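For reference, the structure is listed below as structure tokens.
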Number of protein chains: 2
Amino acid sequence: MDSNRAPSARSEVYAKLREQILNLELPPGTALSEKESSLAFGVSRTPVRESFVRLGQEGLVQVLPQRGTFVSLIDPELVEEARFMREQLERAVIRLACASFPADTMKQLETNLRLQRESMAESNDKRMFELDEAFHRTIFEGCSKRNTWAVIQQMNAHLNRSRLLRLVSDHEWNHLYSQHEQMVSAIRDGDAGLADRVMQEHLSLSIRDQAVLRERFPHYFK
Amino acid sequence: MDSNRAPSARSEVYAKLREQILNLELPPGTALSEKESSLAFGVSRTPVRESFVRLGQEGLVQVLPQRGTFVSLIDPELVEEARFMREQLERAVIRLACASFPADTMKQLETNLRLQRESMAESNDKRMFELDEAFHRTIFEGCSKRNTWAVIQQMNAHLNRSRLLRLVSDHEWNHLYSQHEQMVSAIRDGDAGLADRVMQEHLSLSIRDQAVLRERFPHYFK
DNA sequence: TCTACCAGACTTGTATGGTAGTATGGAAGT
DNA sequence: ACTTCCATACTACCATACAAGTCTGGTAGA
């Protein structure tokens with residue numbers, strides 16, 4: 001069941017750093033250092049270095065030779081493009097879903113909706129966030145577009161640093177939930193036009209978040 | 001002008017390995033090894049290792065701990081999804097281009113078309129391939145979607161291993177060129193519907209290549 | 001006071017040795 | 001002939017030492 005019987009030091013460090021960057025626990029612009037991180041994690045520089053390489057490729061850190069490694073500033077252009085890509089791909093996929101969608105995957109969506117209602121009742125924001133992600137992922141899986149979702153997730157690393165604020169403004173969840181419900185109905189009815197419109201509106205919400213974050217933390221941005 | 005005054009050993013090794021994998025010079029399934037590669041490139045194992053990490057993240061190689069590193073087999077599902085993503089994003093972008101496109105970037109497209117005619121006359125396939133890539137990239141740049149193009153390029157790594165065969169069947173170029181011409185006209189006229197249709201057809205051509213390659217080299221595929 | 005310079009404390013880049021897990025082939029036992 | 005076991009030769013993983021570039025602060029000289 002466990003693909004990695006012994007999780008490597010590298011993957012541990014990588015996962016932890018990535019999480020901290022996405023959390024804004026390590027804010028944009030923070031100076032990292034191989035040595036410092038290796039001490040913090042209790043490993044040698046090698047696995048830390050290789051984590052930096054991976055994070056650098058994803059654009060989450062910037063490695064300047066002989067100068068230092070820094071958590072990347074949020075690039076508004078990159079964020080907007082990430083939103084654009086996600087919008088195009090999610091709309092295309094949900095149109096596919098309206099043409100044909102497996103029954104058991106539809107069951108999963110319905111279960112997910114029920115869990116969303118429960119989480120909203122409990123005001124469990126963290127759980128709600130996970131369910132939101134799972135909801136979208138499930139649509140991709142129903143259309144055999146697992147890898148496409150994976151690419152979106154990578155792009156979303158940048159988008160998500162901006163979206164963090166919404167987590168605290170939980171009054172938005174009701175709106176998002178009703179959109180999720182509309183999507184499921186549209187897929188069930190095969191109404192691609194409706195699904196497309198709802199998804200487009202659904203994904204346009206994140207634009208405003210960035211403006212708010214930018215105003216509050218101007219030095220986080222490029 | 002040179003972003004890297006002294007190209008690092010790592011980036012050299014990475015670029016070379018990547019090129020060889022995309023060339024099929026290193027066919028899918030080939031066993032690599034840190035030691036062997038380090039000897040071949042005349043560097044230590046460290047930069048080779050870090051190249052493996054990068055290539056692994058792109059899905060071009062598969063690193064199995066304590067077992068070995070292998071050039072990834074071509075995953076048909078991944079290839080189809082790459083094609084799907086590219087289609088959706090290119091169609092969305094060319095529709096944007098029809099709404100608004102900078103005059104100087106339009107000049108570049110026209111220049112590119114002229115060079116394409118010259119290269120076809122010379123039967124210069126390599127040049128033609130480069131111009132084709134530049135053509136599409138220019139459309140993205142005109143719409144301020146540089147990063148989106150970069151993501152497509154990464155996905156295309158998988159797609160391109162399948163597209164290699166087309167390079168030798170140069171009789172296709174005439175068809176591709178006329179489609180390019182139609183796209184430029186459509187952008188000039190702001191005819192998003194036409195542009196979308198042409199682009200869709202344009203990008204559907206690569207599907208057949210995979211079938212051919214798969215038939216000839218079944219052991220290259222997953 | 002201001003400038004030029006240099007020493008030292010950083011940084012990442014590269015090389016190398018040792019460790020642990022894995023595949024393989026041959027020998028010993030059935 | 002067939003199976004089991006083990007020595008051996010791999011593999012990637014990690015730790016560590018050294019190399020080379022960069023920044024900083026203090027100092028000597030004008």
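Below, read A as the first sequence line, B as the second, and so on, with proteins coming before strands; counting in each chain starts at 1. Not measured: the values here are computed from a predicted model.
Here the side chain of B:T46 is nearest to one of D:dC14, C:dT14, D:dA12, namely C:dT14. Distances from the side chain of A:P65 to the nucleotides C:dG13, D:dA12, D:dC14 place C:dG13 closest. You'll find that the side chain of A:S44 is closest to D:dA15, out of D:dC13, C:dT16, D:dA15.
Atoms NZ (B:K35) and P (C:dG18) sit 13 Å apart, rounded to a whole Å. Atom pair B:L64:CG and C:dA20:C1' shows a separation of 16 Å (rounding to whole Å applied). If you measure from atom CZ of A:F70 to atom C1' of C:dC10, you get 12 Å, rounded to the nearest angstrom. Computed from coordinates, the A:F41 CZ to D:dA15 P distance equals 13 Å when rounded to whole Å. Computed from coordinates, the B:E12 CD to C:dT14 C1' distance equals 14 Å when rounded to whole Å. Put simply, CZ on B:F52 is 10 Å from P on D:dC13, counting in whole angstrom units. Summarising the geometry, the separation between CD on A:Q62 and P on C:dT12 is reported as 13 Å, rounded to the nearest angstrom. For the pair A:L39 CG and D:dT16 P, the interatomic distance rounds to 11 Å; values are reported in whole Å.
Of the options B:F135, B:F101, B:W149, a ring pair (Phe, Tyr, Trp, His ring centres under 6.0 Å) to B:F140 is made by B:W149 and by none of the others.
Under 4.0 angstrom from either OP1 or OP2 of D:dA12 there lies no side-chain N or O belonging to B:R49. One finds no side-chain N or O of B:R67 lying less than 4.0 angstrom from the OP1 or OP2 phosphate oxygen of C:dG21. Phosphate contact (OP1/OP2 of C:dT12, side-chain N/O of A:T69, threshold under 4.0 Å): present.
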Inset, instruction - Evaluate the side-chain contact (heavy atoms from CB on, under 4.5 Å) criterion for residues A:H202 and A:H180: first the C-alpha distance (whole Å), next the side-chain angles of each, then the deciding distance (0.1 Å), finally the verdict. - result: CA-CA 9 Å; A:H202 190 64; A:H180 286 166; 3.2 Å; yes
Inset, instruction - Kindly determine whether B:H158 and B:E81 satisfy side-chain contact (heavy atoms from CB on, under 4.5 Å), including the steps that lead there. - result: CA-CA 10 Å; B:H158 301 277; B:E81 289 196 49; over 6 Å; no
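Nearer to the 5' terminus of DNA chain D, by closest-nucleotide assignment, is the contact made by B:S33 (compared with the other of A:V43 and B:S33). Mapping B:E36 and A:R10 onto DNA chain D by nearest heavy atom places B:E36 at the nucleotide closer to the 5' end. Sequence order on DNA chain C of the closest nucleotides to B:R45 and B:E50 puts B:E50 first from the 5' end.
Cation-pi geometry between A:K145 and B:F84 is satisfied (NZ or CZ under 6.0 Å from the ring centre, within 45° of the ring normal).
For C:dT12, the base has a donor-acceptor partner in the side chain of A:Q66 [N/O atoms by modelled type, under 3.5 angstrom].
Pairing each heavy atom of B:M128 with each of B:S119, the nearest pair is SD-CB, 4.1 Å.
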